[in-house]
There are 4 protein chains.
Amino acid sequence: MNGRKSEARMQVKQEVILARAIEAFAEDGFRDADVQVIAEKAGVGYGTVYRYFRTKEELFWSATYMVLERLGAHVRESISQCRGAIEALRAAGLAYAGFFEANPECLAVFVESRAEFHGRIPASHREFHEKMVQLFVEILERGVAGGEIRPLDPRSTVTSLGCVLYGAVMFGCYVEDQCRLSELAEQALGMLLGGIRVGPSTGEAASRPL
Amino acid sequence: MNGRKSEARMQVKQEVILARAIEAFAEDGFRDADVQVIAEKAGVGYGTVYRYFRTKEELFWSATYMVLERLGAHVRESISQCRGAIEALRAAGLAYAGFFEANPECLAVFVESRAEFHGRIPASHREFHEKMVQLFVEILERGVAGGEIRPLDPRSTVTSLGCVLYGAVMFGCYVEDQCRLSELAEQALGMLLGGIRVGPSTGEAASRPL
Amino acid sequence: MNGRKSEARMQVKQEVILARAIEAFAEDGFRDADVQVIAEKAGVGYGTVYRYFRTKEELFWSATYMVLERLGAHVRESISQCRGAIEALRAAGLAYAGFFEANPECLAVFVESRAEFHGRIPASHREFHEKMVQLFVEILERGVAGGEIRPLDPRSTVTSLGCVLYGAVMFGCYVEDQCRLSELAEQALGMLLGGIRVGPSTGEAASRPL
Amino acid sequence: MNGRKSEARMQVKQEVILARAIEAFAEDGFRDADVQVIAEKAGVGYGTVYRYFRTKEELFWSATYMVLERLGAHVRESISQCRGAIEALRAAGLAYAGFFEANPECLAVFVESRAEFHGRIPASHREFHEKMVQLFVEILERGVAGGEIRPLDPRSTVTSLGCVLYGAVMFGCYVEDQCRLSELAEQALGMLLGGIRVGPSTGEAASRPL
DNA sequence: AATGAATGAGCATTCATTCAT
DNA sequence: TATGAATGAATGCTCATTCAT
């Protein structure tokens, strides 16, 4: 029982450290963030951070992965109630952008992680990416099967969707004083969906709110 | 004449330093890049770098700006021969992605700069962004006036286009083993254009090559 | 107990660093002294110095303050056994000069600190100065009350005494091959005391040994 | 004739550089003063400074020597009209302190030079010192011969005088908000003179204005 | 002679990581 | 297991000095 208690405590501690790490990396970037400060904010000793994460880099990738997990959960939850495929795509897209809008520090870490790839995407991140792609592919296939969506190649369509959503989130810094991230994504996604939906795609359809 | 010679030489030297800086920042990122190494690669003394750029940060932003200038020139050149608006948009989009495909170190610096914004986009970068937006707005307005493009709001449309192109370039790392950057952009752009072009937007139109 | 041990050790370490810093600043001056060297001499790691002193400057002022503390202790001790005021003044003056004679590295740091003031005397130094003035004022007032010293304004008299002692210590470098610092101070102080003592101040009194 | 013109010009240029050097060394101290800045302020090219002074150190000692020359001229001029020895001593002392009061940048350089001695007084400075001592010795001997001053050992008396004046000038930073440098020197000098003048040295004599 | 661009040695400071307690 | 004192490699930046023009 002692072991369990201890395990649970450690689990909590690790999550606290990760949460503070996200904030620190968001604030200062990977290189400028200070492990000392993260430890202080997490309320643990300096060396303790190194008992949970071998290196600062491991801490960073764990923190970015936590962001991905939260993002994934948020997106999956958003589509749980959706019936139609188009509806699900819209909901997922809005959830994707909305998550970063609601958690700016996650966005900052997300951007930071993209820069830190330097050509080497960690396996965990690649797996997350694949899962997300799979999720969208399934929605699309469901939509195609149900006659809601034109029979496009699912993977390349998802890739294009990915560009739009990833782009909206990354590009948002240029328009943040004009519109919110979710509006940006809604708009761009709307235009894309207008082009792939079955039936006469009128201008109205493309530009009206999702 | 002495002055001119000297000025010309200094101009050249500065550009050499910037070129090597782009490579170094691409390779190691802003924080890990070593000014000493940049100096060596540029064939100048250490202190000389600091005669041309007050700080490493100034060097970094100058380098990223040089990337933007090259990118801008490449894009502008690509549309110089285009007649139609849709044609120009396709050409510009392909040039945008093609530039980063042909210059991976510029892409790396581009990504790095996005991460280093940390909420503060340098004025020079914002101005570049505005010019690019203006360029696309003019193309769109020309297309609308010529009846080639549906009467959408130009700015928000350009913003969506921006998301797609920016997104393709940033998102490319996830698909680089499946398709090239320009293919990715072509595909995503095609889907978007399919949705904004006048006339019945058929599935065929949206997915066929640009 | 663990805490105490650690605290005590750190206290010792800090004092060792300060002691070596005094030597280094004495040898090379503030600007030329190398923190690396101080660390080595103190037998601690480089970074350790910065755990105890935020900056080289803080280390310098701490070192100069340690000199003042030693000086103050030496002077106060010297007058503890004195009965008469004149006797105390003589003893204090000799202790003042004698301290620097016995600790040349303290003298060098003392001089260095005077140069580094640049118009801004650190609060701690000003406070030390005030305490010293107060000490001498009290001696003088005791001497005046006891009829041993003429009723001069204590503060301006102490200021003049300060000039003589400070001057002797600073001026000593010009005469060091002719007489020792304490002799110099004794001589100058003797002349000054000859002028303020009650009774006919004969030449003999002014120039004879204190 | 060309040569002469050139020589004269160089003479002027050198003095301009020295004058600006004094200001710079006074402002920032020897180590922190920037030769580049001195050159700019002097209105000459950077390298030109090095045509007139082999090293920064040589420039510094030349600058400090210029201070001494000005000081010496000021002091010598002050006593040119004095008849009596006591009168001359007072005048010289006041001129000494008054010079630094009127030229704070010279005082700063003077202090800086004391710190930079590090045990090695430059020959030129030692010679100046000797000349000053000689000047005062002659005044004293004249005073003794004329019966105005008691037959003290001239050299040790001058040394004590030196302590008082040097001390007043160096010590002034502690009392600058209470009295001016010249007042400080006047006061301290008055006390000392009260002690060495022939005749009954009353308290009044010692403390009344010079 | 005058200039100022070029140089690189030198140094303060930071911070990830280790390890004794 | 938790801690935080200790470490020293790493690096941005300065500035005295040189030398080609």
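Order of the sequence lines fixes the chain letters, A, B, ..., with proteins taken first and strands second; residue numbering starts at 1 for each chain.
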Per the side-chain contact (heavy atoms from CB on, under 4.5 Å) rule, which among Phe25(C), Tyr50(C), Phe30(C) passes with Leu59(C)?
-> Phe25(C)

4.5 Å side-chain heavy-atom contact, Leu18(A) and Phe53(A) | yes

Please tell me if the side chains of Arg9(B) and Gln14(B) come closer than 4.5 Å, counting only heavy atoms from C-beta onward.
-> no

I need the [atom1]-[atom2] distance between [X] and [N], as an integer number of Å.
| X | N | atom1 | atom2 | answer |
| --- | --- | --- | --- | --- |
| Arg31(D) | dC11(E) | CZ | C1' | 14 Å |
| Arg54(A) | dT18(E) | CZ | P | 10 Å |
| Met10(B) | dA20(F) | CE | C1' | 15 Å |
| Ile38(A) | dG4(F) | CD1 | C1' | 16 Å |
| Glu40(B) | dT11(F) | CD | C1' | 13 Å |
| Asp34(C) | dT13(E) | CG | C1' | 12 Å |
| Glu58(B) | dT14(F) | CD | P | 12 Å |
| Leu59(A) | dC15(E) | CG | C1' | 14 Å |

Indicate whether any N or O donor in one side chain lies under 3.5 Å from an N or O acceptor in the other, for Glu15(B) and Gln11(B).
-> yes

More 5' along DNA chain F: Glu57(D) or Asp32(B), using each one's nearest nucleotide?
-> Asp32(B)

Hey, which of these two, Lys56(D) or Gln36(A), hits DNA chain F nearer its 5' end, going by closest nucleotide?
-> Gln36(A)

Base, sugar-phosphate, or nothing: which does Ala39(B) touch, judged by heavy atoms less than 4.0 Å apart?
-> nothing

Pick base, sugar-phosphate or nothing for Phe53(A), based on heavy-atom distances below 4.0 Å to the nucleic acid.
-> nothing

What is the base-pairing partner of dC15(E), counting Watson-Crick and G-U wobble geometry with both distances under 3.5 Å?
-> dG8(F)

Name the residue closer to the 5' end of DNA chain E, choosing between Ala33(A) and Val44(D) according to the nucleotide with the nearest heavy atom.
-> Val44(D)

Looking only at side-chain atoms of [X], point me to the closest of [options].
| X | options | result |
| --- | --- | --- |
| Thr48(B) | dT7(F), dT7(E), dT13(E) | dT7(E) |
| Arg51(C) | dA5(F), dA12(E), dT3(E) | dA5(F) |
| Arg9(C) | dT21(E), dT17(F), dA6(E) | dT21(E) |
| Tyr50(D) | dA12(E), dT21(F), dA16(F) | dA16(F) |

[N] OP1/OP2 closer than 4.0 Å to side-chain N/O of [X]:
| X | N | value |
| --- | --- | --- |
| Lys13(D) | dA1(E) | no |
| Tyr52(C) | dA5(F) | no |
| Tyr46(C) | dT7(F) | no |

Any pair counted as side chain to side chain donor-acceptor pair (under 3.5 Å), so long as it reaches residues 55-64 of chain D, sequence neighbours left out = Thr64(D)-His125(D)

To the nearest 0.5 Å, atom CZ of Phe110(C) lies from atom CG of Asn103(C) at 12.5 Å

